[in-house]
Amino acid sequence: MAKSEERIDKWLWAMRIFKTRTVATDSCKKGRVSVGAAPDSAVVVKPSRLIKVGDTVHVRKPPITYSFRVKALTENRLGARLVPDYMENITPQAQYDLLDVVKISGFIDRRKGLGRPTKREGRELARFAEEVNDGWDFDTDDFDTDDRYNFDFDEDDFN
């Protein structure tokens, strides 16, 4: 017998929107899942919220919000080929365009010093370190530890 209602966290997991049910539950608790006609007017839901056929589910995975229409319900995880029989992806193309822009700008607009250095920056750092080193070896034997605070400065040195 087909169910008329299902928990939203189970449905999100079964439809392969989230990898685990725990992640689906956490997303609901964080306010990233909502149910309603439009993403702006949709109601944020708890993991135990029951959904039915015909509901529109909005899932916010920054930077975009995915929208799905419920076609059928199941509590068991489905194979990827069966998912289109149970839900319809109605995410606007503008959201996917936004995702493309973010992917491209992530590489172009990366501020210097943010994140791991690129290969080129790593080579430049290595080259700089070689130039600065110039054969200097900073061992403790190079310094006279007894006279490290004895400075021999004349007033002429500062004028």
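Heavy-atom basis, side chains included; hydrogens, waters and symmetry copies ignored. Nothing here was measured: the structure is a model prediction, and the numbers come from that model.
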Mind checking the [atom1]-[atom2] spacing from [X] to [Y]? Nearest 0.5 Å is all I need.
X     : Y     : atom1 : atom2 : value
Thr20 : Arg77 : OG1   : CZ    : 8.5 Å
Glu75 : Leu73 : CD    : CG    : 10.0 Å
Asp55 : Glu6  : CG    : CD    : 12.5 Å
Ser4  : Ile51 : OG    : CD1   : 11.5 Å
Met15 : Leu82 : CE    : CG    : 9.0 Å
Arg49 : Asp9  : CZ    : CG    : 12.5 Å

Do [X] and [Y] belong to the same hydrophobic cluster, where Ile, Leu, Val, Met, Phe, Trp and Tyr are linked whenever their side-chain heavy atoms lie under 4.5 Å apart, directly or via other members?
X     : Y     : value
Phe18 : Leu99 : yes
Trp13 : Ile17 : no
Ile90 : Val35 : no
Leu98 : Phe68 : yes

Which heavy atom of [X] sits nearest a heavy atom of [Y], and at what distance?
X     : Y     : value
Val83 : Arg16 : CG2-CD, 4.2 Å
Thr25 : Pro47 : CG2-CG, 3.6 Å
Ala72 : Val53 : CA-CG2, 4.1 Å
Leu78 : Tyr86 : CD1-CD1, 3.2 Å

* So, does Glu121 use its side chain to make a donor-acceptor pair with the main chain of Thr118 at under 3.5 Å? -> yes
Are the side chains of [X] and [Y] in touch, meaning some heavy atoms are under 4.5 Å apart?
X      : Y      : value
Arg7   : Leu50  : yes
Val57  : Val59  : yes
Glu124 : Lys119 : no
Val33  : Ser27  : yes

* To do: Test Arg21 against Lys10 for side-chain contact (heavy atoms from CB on, under 4.5 Å), laying out the working first.
  => CA-CA 6 Å; Arg21 187 164 165 205; Lys10 273 188 176 181; 3.4 Å; yes
* Side chains of Thr91 and Asn89: donor-acceptor distance under 3.5 Å anywhere? -> yes
* All pairs passing side chain to side chain donor-acceptor pair (under 3.5 Å) where residues 56-72 contributes a residue, at least two apart -> His58-Ser67, Arg69-Glu88
* Full working for side-chain contact (heavy atoms from CB on, under 4.5 Å) between Cys28 and Val44 -> CA-CA 8 Å; Cys28 291; Val44 175; over 6 Å; no
